[in-house]
Chemist: 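I'd like to ask some things about the structure below.
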Amino acid sequence: MEPPIKPIVTRFPPSPTGYLHIGGARTALFNWLYARKTKGRFVLRIEDTDAARSTSESVDAILESLEWLGIDWDEGPYFQTQRYHIYNEYIEKLIESGHAYYCSCTPEEVDAMREEAKAKGQKPMYNGKCRYLNLKKGDNTVVRLKTPDTGVTIVEDIVKGNTAFQNSEIDDFIVQRSDGSAMYNLAVVIDDITMGINTIIRGDDHLINTPKQMLIYSALSANMPVFGHVPMVLGSDKARLSKRHGAMSVGEYQKMGFLPDAMINYLVRLGWSHGDQEFFERAELIEKFDLEHLGRSASMFDTDKLMALNSKHIQKKSPGELADPLIYHLKELGIDAQNDTFTQGVIQTLQPRSKTLVEMADGAAFYYKDDVEYDKTAADKFLTPDILSVLKKSVERIETLEPYTHEALENVFKLIMEETGLKFGKLAQPLRVAITGTTVSPGIFEMLLVLGKEKTTSRIKKAIRFIQDKA
RNA sequence: GGUCCCAUCGUCUAGUGGUUAGGACGCUGGCCUCUCACGCCGGUAACAUGGGUUCGAAUCCCAUUGGGAUCACCA
């Protein structure tokens with residue numbers, strides 16, 4: 001490995017106007033993976049210059065979701081609202097060098113210009129009225145960038161390829177508002193320059209901003225970063241992901257019982273591929289991720305596929321790794337569990353049959369609730385007098401069982417089967433209802449083993465009483 | 001509407017001039033089986049359309065159609 005001459009520096013710049021959503025998480029992930037893969041740096045920057053919509057609750061929610069996903073940052077979070085002085089410095093430079101100018105046109109006047117242009121069948125743009133007036137800073141002046149009237153600006157995009165924009169399509173856009181605050185395009189560029197960002201992976205809704213930003217880089221004689229615009233993530237109706245598509249925030253997926261690793265695995269595959277491979281461990285992703293295999297077309301979010309991946313990740317994890325996340329979901333059900341061998345045993349029995357941690361918690365509840373509640377139809381069907389003798393025999397034999405092992409338990413029932421001539425299926429369901437209250441559960445022996453001798457026998461005894469009382 | 005982006009099974013995708021167009025999810029038939037699952041075996045289903053270029057196009061070019069983005073003193 002040759003030492004990198006220029007370490008890759010990427011960034012994720014959310015604006016705190018809501019939760020971290022799926023699309024944002026994916027761009028964060030791409031940037032993070034690329035930085036980690038290249039042993040570069042990943043910078044987090046909060047773009048909070050929209051005072052009306054930005055909230056600190058959103059900042060917290062976004063940071064929390066990133067942490068949950070395991071996306072960590074090397075620098076930041078920086079806040080743009082604390083950097084106005086830097087932007088102003090650069091705006092000064094732009095004016096001094098003749099790349100920008102003060103404009104005293106009111107919003108109404110600009111609107112009129114746009115209407116006029118539209119009426120003439122032209123693109124609505126600012127007409128450059130104040131461009132050569134050499135105005136001084138005034139009470140209501142804005143600063144506009146002097147953009148070239150001719151020529152093209154070519155965006156060399158690493159995922160989309162080269163795209164040429166006619167400079168004549170770009171008007172003298174505002175870089176500083178009349179209240180002295182910097183506009184988005186300027187703030188972004190100044191931040192990226194001063195933070196040393198050299199690789200920008202973002203949603204392709206920004207592709208059209210890119211030539212404007214490139215013009216600022218040029219005006220400042222700054223080094224151009226590498227751009228990569230990834231397609232949007234769409235909802236199931238092919239429309240851009242929005243509120244009406246149901247769950248879209250990362251936090252909601254956490255609540256639904258998805259594993260961060262599954263989330264990351266799914267998100268990265270939405271727009272990136274590594275041959276036929278579908279399942280990726282986190283470390284593997286860092287090793288294999290690249291910019292060359294980013295897709296160019298938009299993709300739809302598919303919860304079923306996420307679910308399938310989640311179930312695979314649940315199966316691959318060790319019970320120890322699953323314990324804390326499961327405990328979180330058990331708590332939602334009012335169950336206090338500990339990360340101990342019991343809970344890990346519980347997990348082991350549920351791993352192959354849980355697509356989410358919520359499912360796992362539901363399936364695990366009976367282990368923790370000693371007062372078994374019988375499902376009505378299950379009890380009617382299986383907790384019947386004809387099974388009494390079998391249940392009694394099992395209690396007797398399990399009570400004296402030493403050692404209490406999977407094999408020993410199996411032998412107990414093998415014997416009962418021989419004595420009664422019943423098939424295992426005939427005994428298993430009543431037993432299952434006695435232990436869990438329902439007809440669906442992990443395998444009988446592994447379940448009894450995890451539950452332990454005491455709880456097993458007391459639950460069967462309870463079922464015996466239940467049948468007797470019913471009679 | 002102007003500008004820009006995109007186009008392989010229903011969905012996510014592999015594919016970079018010569019493949020029976022592959023995988024995964026979903027759906028589905030079967031096996032396994034103490035329930036539910038897991039797992040295993042099989043099936044279903046795609047190159048948007050029309051022109052070129054080429055001995056040969058999913059792959060290259062153009063047009064059409066369809067989807068999306070963007071046109072602010074929002075980010």
Side-chain angles (χ1 to χ4, degrees), chain A residues 13-17 47-54 80 103 105-107 110-111 114 117-118 121-126 140-144 155 157 159-161 163-166 169-171 173-179 181-185 187-188 203-211 229 231-232 234 236 238-240 266 269-279 293 295-309 311-312 315 350-355 359 363 378 382 413 423-433 436 438-445 447:
Chain A
S15 45
T17 54
E47 307 205 329
D48 55 349
T49 53
D50 184 348
R53 296 194 300 149
S54 298
Q80 288 191 322
C103 164
C105 296
T106 63
V110 177
D111 280 345
R114 294 207 176 94
K118 247 197 267 184
Q122 291 166 342
K123 183 173 176 155
M125 303 201 306
Y126 174 69
N140 281 305
T141 53
V142 298
V143 175
R144 288 181 183 275
V155 179
D157 192 286
V159 353
K160 304 272 187 187
T163 306
F165 291 88
Q166 295 299 323
E169 291 282 328
I170 302 169
D171 68 355
F173 59 93
I174 296 175
V175 291
Q176 186 184 53
R177 300 184 186 90
S178 52
D179 68 358
S181 62
M183 284 282 287
Y184 168 72
N185 281 122
V188 165
D204 69 6
D205 50 335
H206 287 282
L207 187 57
I208 288 188
N209 280 322
T210 308
H229 290 90
M232 305 275 89
L234 311 176
S236 45
K238 292 215 172 194
R240 190 177 177 173
Y266 177 70
R269 281 286 294 113
L270 215 51
W272 176 81
S273 61
H274 185 75
D276 276 346
Q277 190 171 349
E278 300 282 351
F279 183 90
H293 294 86
R296 282 135 308 179
S297 52
S299 42
M300 276 172 38
F301 190 85
D302 178 12
T303 311
D304 280 339
K305 188 131 185 187
L306 205 210
M307 195 77 88
L309 236 21
S311 120
K312 280 218 170 59
Q315 289 189 59
L350 261 4
Q351 270 175 291
R353 61 200 95 229
S354 308
K355 283 195 189 323
E359 267 183 43
F382 295 110
F413 290 98
K423 286 197 176 154
F424 187 67
K426 283 287 175 198
L427 343 172
Q429 283 308 75
L431 205 55
R432 196 182 309 279
V433 178
T436 71
T438 72
T439 53
V440 175
S441 85
I444 293 286
F445 304 119
M447 193 165 70

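Please read these numbers as outputs of a predicted model, since none were measured by experiment. A, B, ... follow the sequence lines: proteins, then strands. Residue 1 opens every chain.
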Chemist: For B:rG2, does either OP1 or OP2 sit under 4.0 Å from a side-chain N or O belonging to A:K118?
Modeler: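 Checking A:K118 against B:rG2: no side-chain N or O falls below 4.0 Å of OP1 or OP2.
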Chemist: Roughly how far apart, to the nearest Å, are B:rC60 and B:rA7 at atom P?
Modeler: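 To the nearest whole Å, 10 Å.
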Chemist: If you check the A:E169 side chain, which of B:rU3, B:rU70, B:rC34 turns out closest?
Modeler: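 Taking heavy atoms from C-beta onward, the closest nucleotide is B:rU3.
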Chemist: With a 4.0 Å cut-off on heavy atoms, is A:F165 in touch with a base, just the backbone sugar-phosphate, or nothing at all?
Modeler: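 Touches sugar-phosphate only.
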Chemist: Can you tell me how far P of B:rA7 sits from CG of A:L234, to the nearest Å?
Modeler: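 Taking atom P of B:rA7 as the reference, CG of A:L234 is at 13 Å.
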Chemist: A:R296 CZ to B:rU16 P: how many Å, rounded?
Modeler: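 Taking CZ of A:R296 and P of B:rU16, I get 13 Å after rounding.
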Chemist: Between B:rG43 and B:rA21, how far apart are the P atoms? Round to whole Å, please.
Modeler: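 Result for the P pair: 15 Å, nearest Å.
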Chemist: Are OP1 or OP2 of B:rA75 and a side-chain N or O of A:T49 less than 4.0 angstrom apart?
Modeler: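 For A:T49, the contact criterion (side-chain N or O under 4.0 Å from OP1 or OP2 of B:rA75) is met.
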Chemist: Mark yes or no for whether A:R177, through its side chain, and A:A182, through its backbone, hold a donor-acceptor pair below 3.5 Å.
Modeler: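 Yes: the side chain of A:R177 pairs with the backbone of A:A182.
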Chemist: When you measure only distances, ignoring hydrogens and angles, does the side chain of A:K305 come within 3.5 Å of the base of B:rC12 through a donor and an acceptor?
Modeler: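 Looking at the base of B:rC12, it does pair with a donor or acceptor on the side chain of A:K305 (distance under 3.5 Å).
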Chemist: Considering only side-chain heavy atoms of A:D50, which listed nucleotide, B:rG23, B:rA75, B:rU13, is closest?
Modeler: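 Per side-chain heavy atoms of A:D50, the pick is B:rA75.
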Chemist: Going by purine N1 to pyrimidine N3 plus the second Watson-Crick contact, or the G-U wobble pair, all under 3.5 Å, which nucleotide sits opposite B:rG42?
Modeler: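 By the stated definition (distances under 3.5 Å), B:rU28 pairs with B:rG42.
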Chemist: On a whole-Å scale, what distance lies between the C1' atoms belonging to B:rU65 and B:rU53?
Modeler: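 One C1' to the other, the span is 23 Å.
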Chemist: Indicate the ring-plane relationship of A:F413 and A:F445, choosing parallel, tilted or perpendicular according to the 30° and 60° boundaries.
Modeler: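 A:F413 vs A:F445 ring planes: tilted.
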